[in-house]
Amino acid sequence: MAFSHQSIEAKWQRYWEENKTFKTSDDDLERPKYYALDMFPYPSGSGLHVGHPEGYTATDILSRMKRMQGYRVLHPMGWDAFGLPAEQYALETNKHPREFTQANIDNFRRQIKSLGFSYDWDREVDTTDPAYYKWTQWIFIQLYKKGLAYIDEVPVNWCPALGTVLANEEVVDGVSERGGHPVVQKPMKQWMLAITKYADRLLEDLEELDWPESIKDMQRNWIGRSEGADVRFSVDGSEQTFTVFTTRPDTLFGATYCVFAPEHELVDKIATESQRAAVNAYRDEAAAKTELERTELQKDKTGVFTGAYAVNPVNGEKLPIWIADYVLASYGSGAIMAVPAHDERDYEFATAFDLPIREVVEGGDISEAAYTEDGPHTQSGFLNGLYTDEAITKMIDWLESEGKGERQVTYRLRDWLFSRQRYWGEPIPVIHWEDGSMTHVSEDELPIELPEMDEFKPSGTGESPLANATEWVIVEDPATGMKGRRETNTMPQWAGSCWYYLRYIDPDNPDALADWEKMKAWLPVDMYIGGAEHAVLHLLYARFWHKFLYDIGAVPTKEPFQRLYNQGMILGENHEKMSKSKGNIVNPDDILETHGADTLRLYEMFMGPLDASIAWSSNGLDGARRFLDRVWRLVADENGALRSVIQKDADTDALAKTYHETVQKVTEDFENLRFNTGISQLMVFINECYKQEAIPASFIEGFVKLLSPVAPHIAEELWSILGHEGTIAYEPWPVFDESYLVEDEVEIVVQINGKVRSKLIVPADIDKEELEKRACEDEKVQEAIQGQTVRKVIAVPGKLVNIVAN
RNA sequence: GGCGAUGUGGCGGAAUUGGCAGACGCGCUUGACUCAAAAUCAAGUGUCCUCUGGACGUGUGGGUUCGAGUCCCACCAUCGCUACCA
């Protein structure tokens, strides 16, 4: 008979809630700690997706196992509830975002609770709660005070349809991620955070982290540190000078022209009369291009000659200065020296515009293509004969001694565009005064709460809807009577998620982010699991804030997340990404109804490796349920009583080896997030039990404990049936006895020329010579090598014997 | 184009200090139970052949080795990230 998942799950969820089974104490400091963190969800209107429980189940298994192993465990959940979707919805329905955000949170909470996760719900955080964002604003003020938050006029992604500015990550293929509206470039005053000041440390400290190498690589690439030199050129016949950044200063003798980004500040000053019209036309054209057009048109190089010439600092040659949009204003100095012989982009440009190409590194054929490999330098004065590394060093030394340049490091990483022109975000706690000055709000006035508003339409001018809340915006300094306007920009969604893992540690603290001693007791996060889509931005931003907080003495560790793991995606049954339009979405609520939470948890963990993207299979789900039914029937009879096959004093011999192997493998596999193979071992154990006449109760109890992190409801119920009171959640985790794992006799494979021809049962401790002898005496071996000469015998004790004969 | 990852039965996947390829699950086949079906239990299930045996087999082609899914070289395919970063 199948167990009734609905009554069992309801019963135990109620029990855990009423008994506060998973309430985490901040005492017990003598026990080792374990902080298992999930990437908290954005509570969308469509509710939980089957992808959510995958990562949540993984951390829940670890949390439950660690509790049973005697750890004090911090395992919290919360809501990343600010964000653009809510704002869009508010615009469409004219409802306050808070209302339906609250409703969405309630729905998410209900769904998550119904899956039986062992969160300490007393630590729930919500980024839209003023008591929470008070501290988000506090962190901003600290950044501001250190000069790391500043206003700059930068070209931003302006989306006319949404009436707001978007971050790069919200623009996909030149259109807005939400809605697919066109996006254009427009210069605007924006808040920026100086993450680039932390670039080196963000890069270096990756080394100490136990993260997937691929994620570290993505962060390294994103930071994009490159070493090279700044080289100063003067403009011929003018006082103007400009700097270029190059990673190949050794090729300076091969420079045949220079290129400025169209937006470069010098363009206006140096363009000659005859070229001015063409230059202006090109620049207007480039400015009008959207991101999409720039990327689509990247195939063909375009550009215009400015009419001006630069003077090469190493040999005084005059080099024509061009403008071209293949040079980016935002990287390096926005100007380059072009060495077409040894740079593919410059080669392409030089070929298109018939500019000279001069070889300075031997080894390639520059009539065919740019040569970017190493080789002896030529036509390069004091560098002749040197290879690249030496030539770079020597050139930089020369530039520095001549005062014409210096060693330089450049990053691809840009400062973080931090303002959003939206209502539904944390207000930036800054006031602009009528005398033109600007101050941050005093810390004791925090939080600056969002004003109540009836409408959430963007102002259309690029200002946020907050600009319409006149009463809120206009302030007067009680001391001086000076009037001012509050900053109307709000923070991006990334802000609240940058530090939520700190707030879980001390969620109700009114005086600090979190208590220092409590942070010392819990940080860093031991395991952080979430989707790979956050591999770069969220994780880099959070690391940046954490390092900053460390610098001002607000947190005790350099890094927030010691171990990170990215779960894969669950695809639809048709192997495609789940989406409404494809109609292949699986709703967890439905699965809970038909199969139960334990089955869903078990299935998602058994599908395959946690980091793989695997298609949903309803047959596979049925199989998971079948296993739980099989476990249930092994232990309980039709009336829910313990079956007689399970006996206190049953002979342990037949099952001991399998049992101890199971304890060992499951423990190791769970620890290393190999849930699929751990579960398969649980299945092996149950298959073995079904072959027994009698099963020792102690083994079944151990098994139920091993199962409990994956399928906690059924495990609790079985634990009761086995005659125990209360919860299994803190029962000691089973240990295995090594002595049951070693066998007296082992099976050895005998190969002839690498092919298995026979098998031997020999004592486990047999030595090499004896093993070899027994293998050669084997009947089948004798038969097989008849008439052949044995050339060589390889004997590996405990494994195999390979006889080479012909 | 660059960086990274992955290619194993009909399907999801196991196997990593190089040592019996295909654990476990799904699906399928057969049998038991049943009037019947479902469920359950039992047996089987990589491909091929001349079937008490044997040959072949981990994307393709080479190589190292007594022995390669595993190591090396070249290539092909798929996925992720990044896209003129000087």
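Just so you know, these numbers use all the heavy atoms, side chains as well, and skip hydrogens, waters and symmetry mates. Lettering of chains follows the sequences in order, A, B, ..., and the numbering in each one begins at 1.
Separating the CD1 atom of A/Ile215 from the P atom of B/U82 is a distance of 11 Å, rounded to the nearest angstrom. The separation between A/Tyr411 atom OH and B/A86 atom P is 13 Å, rounded to whole Å. Rounded to whole Å, the distance from CD1 on A/Ile686 to P on B/G25 is 11 Å. Rounded to a whole Å, the CG atom of A/Asp230 is 12 Å from the C1' atom of B/A86. In this structure, CG of A/Asp325 is placed 17 Å from P of B/A86, rounded to the nearest angstrom. When rounded to the nearest whole Å, the span between CE of A/Met218 and P of B/C81 equals 7 Å. As a whole-Å value, the separation of A/His575 NE2 from B/U78 P is 16 Å. Separating the NZ atom of A/Lys301 from the C1' atom of B/A83 is a distance of 12 Å, rounded to the nearest angstrom.
Taken residue by residue, residues 247-260 of chain A places heavy atoms nearer than 4.0 Å to RNA chain B at A/Thr247. Contacts of residues 219-229 of chain A with RNA chain B (heavy atom under 4.0 Å): A/Asn221, A/Trp222, A/Ser226.
Taking atom P in both B/A32 and B/A37, the straight-line distance is 11 Å, to the nearest Å. Atom P of B/U6 sits at a distance of 13 Å from the matching atom of B/G59, rounded to the whole Å. Across B/G19 and B/A68, the matching P atoms stand 11 Å from one another, rounded to whole Å. Straight-line distance between the C1' atoms of B/G13 and B/U58: roughly 13 Å, to the nearest whole Å. For B/G31 and B/G53, the P atoms lie 26 Å apart once the distance is rounded to whole Å. With both ends at atom P, the span from B/U64 to B/G69 equals 16 Å, rounded to whole Å. Going from the P atom of B/U65 to that of B/G54 covers 28 Å, rounded to whole Å. With P as the reference atom, B/U29 and B/A39 are 13 Å apart, rounded to whole Å.
In terms of the ring pair (Phe, Tyr, Trp, His ring centres under 6.0 Å) criterion, A/Tyr411 has no residue partners (sequence neighbours excluded). Remark: A/Glu344 pairs with no residue by the side-chain hydrogen bond (donor to acceptor under 3.5 Å, both in side chains) rule, at least two apart or across chains. Taking A/Tyr659 as the reference, A/Phe685, A/Phe699 meet the ring pair (Phe, Tyr, Trp, His ring centres under 6.0 Å) condition, with sequence neighbours excluded. With sequence neighbours excluded, no residue satisfies ring pair (Phe, Tyr, Trp, His ring centres under 6.0 Å) with A/Tyr565. Residues passing the salt bridge (Lys or Arg N to Asp or Glu O under 4.0 Å) test with A/Asp415: none are found, sequence neighbours excluded.
For the pair A/Glu344 and A/Gly334, both in contact range of RNA chain B, the more 5′-proximal nearest nucleotide belongs to A/Glu344. Where A/Ile679 and A/Tyr326 meet RNA chain B, the nucleotide closest to each residue was compared, and A/Ile679 sits on the side nearer the 5' end.
Contact annotation for A/Arg414: base contact, defined as any heavy-atom pair under 4.0 Å involving a base atom. Among the atoms of the strands shown, none is found under 4.0 Å from any heavy atom of A/Asp346. At a threshold of 4.0 angstrom between heavy atoms, the contacts of A/Val684 are confined to the sugar-phosphate backbone, with no base atom among them. Note on A/Ser214: only backbone sugar-phosphate atoms sit closer than 4.0 angstrom, heavy atoms only; bases stay farther off.
Counting all heavy atoms, side chain and backbone alike, A/Leu252 lies closest to A/Val231 at CD2-CG1, 4.2 Å. The minimum heavy-atom distance linking A/Asp669 with A/Gly678 is given by the pair OD2-N, 3.2 Å. The shortest heavy-atom contact between A/Val259 and A/Ile323 is CG1-C, 4.1 Å. Listed here is the closest heavy atom pair of A/Ile366 and A/Tyr347: O-OH, 2.8 Å. When all heavy atoms of A/His5 and A/Gly596 are compared, the closest pair comes out as CD2-CA, 3.5 Å.
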Given the rule that a pair is Watson-Crick or G-U wobble with both distances under 3.5 Å, how would you write RNA chain B in dot-bracket, using | for pairs to a different strand?
(((((((..(((......[....)))((((((.......))))))((((...))))..(((((..]....))))))))))))....

Kindly give the atom pairs (protein nitrogen or oxygen, nucleotide nitrogen or oxygen) under 3.5 Å for nucleotides 13-15 of chain B.
residue	atom	partner	partner atom	Å
B/A14	OP1	A/Asn676	ND2	3.1

Restricting to nitrogen or oxygen on both sides, can you table the protein-nucleotides 67-76 of chain B pairs closer than 3.5 Å?
none

List every contact pair, protein side and nucleotides 38-46 of chain B side both N or O, where the distance is under 3.5 Å.
residue	atom	partner	partner atom	Å
B/U40	O3'	A/Arg633	NH2	3.2
B/C41	OP1	A/Arg630	NH1	2.7
B/C41	OP1	A/Arg633	NH2	3.3

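Taking 4.5 Å as the limit, every side-chain heavy atom of A/Phe233 sits out of range of all side-chain heavy atoms of A/Ile321. Residues A/Lys301 and A/Thr351 are not in side-chain contact: their nearest non-hydrogen atoms beyond the backbone lie 4.5 Å or more apart.
B/G10 adopts an anti glycosidic conformation, its chi angle falling more than 90° from 0. In this structure, B/C51 shows a glycosidic angle within 90 degrees of zero, which is the syn conformation.
Looking at A/Thr243 and A/Asp230, their side chains never bring a donor and an acceptor atom within 3.5 Å of each other.
Put simply, CD1 on A/Ile336 and CG on A/Asp346 are 4.5 Å apart, with the number rounded to the nearest 0.5 Å.
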Derivation and outcome, salt bridge (Lys or Arg N to Asp or Glu O under 4.0 Å), residues A/Asp217 and A/Arg220:
CA-CA 5 Å; A/Asp217 256 334; A/Arg220 288 188 193 107; 3.4 Å; yes

Audit row: A/Asp629, A/Arg625, salt bridge (Lys or Arg N to Asp or Glu O under 4.0 Å) steps and yes/no
CA-CA 6 Å; A/Asp629 281 335; A/Arg625 170 65 195 220; 3.2 Å; yes

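A ring-centre distance under 6.0 Å is found for A/Tyr257 and A/Phe349. Checked against the 6.0 Å centroid threshold, A/Phe627 and A/Phe606 do not count as a close aromatic pair.
Taking a 6.0 Å sphere around NZ of A/Lys197, one finds it holds 12 or fewer heavy atoms contributed by other residues, nucleotides or ligands.
The nucleotide whose nearest atom lies closest to any side-chain atom of A/Ile336 is, among B/G12, B/C66, B/A86, B/A86. Distances from the side chain of A/Lys792 to the nucleotides B/A86, B/C66, B/C81 place B/C66 closest.
Judged by distance alone, with hydrogens and angles left aside, the side-chain atoms of A/Arg232 form no donor-acceptor pair with the main-chain N or O of A/Thr241 at under 3.5 Å.
An OP1 or OP2 oxygen of B/G25 is reached within less than 4.0 angstrom by a side-chain nitrogen or oxygen of A/Asn687.
The stretch residues 686-695 of chain A participates, sequence neighbours left out, in these side chain to side chain donor-acceptor pair (under 3.5 Å) pairs: A/Arg630-A/Asn687.
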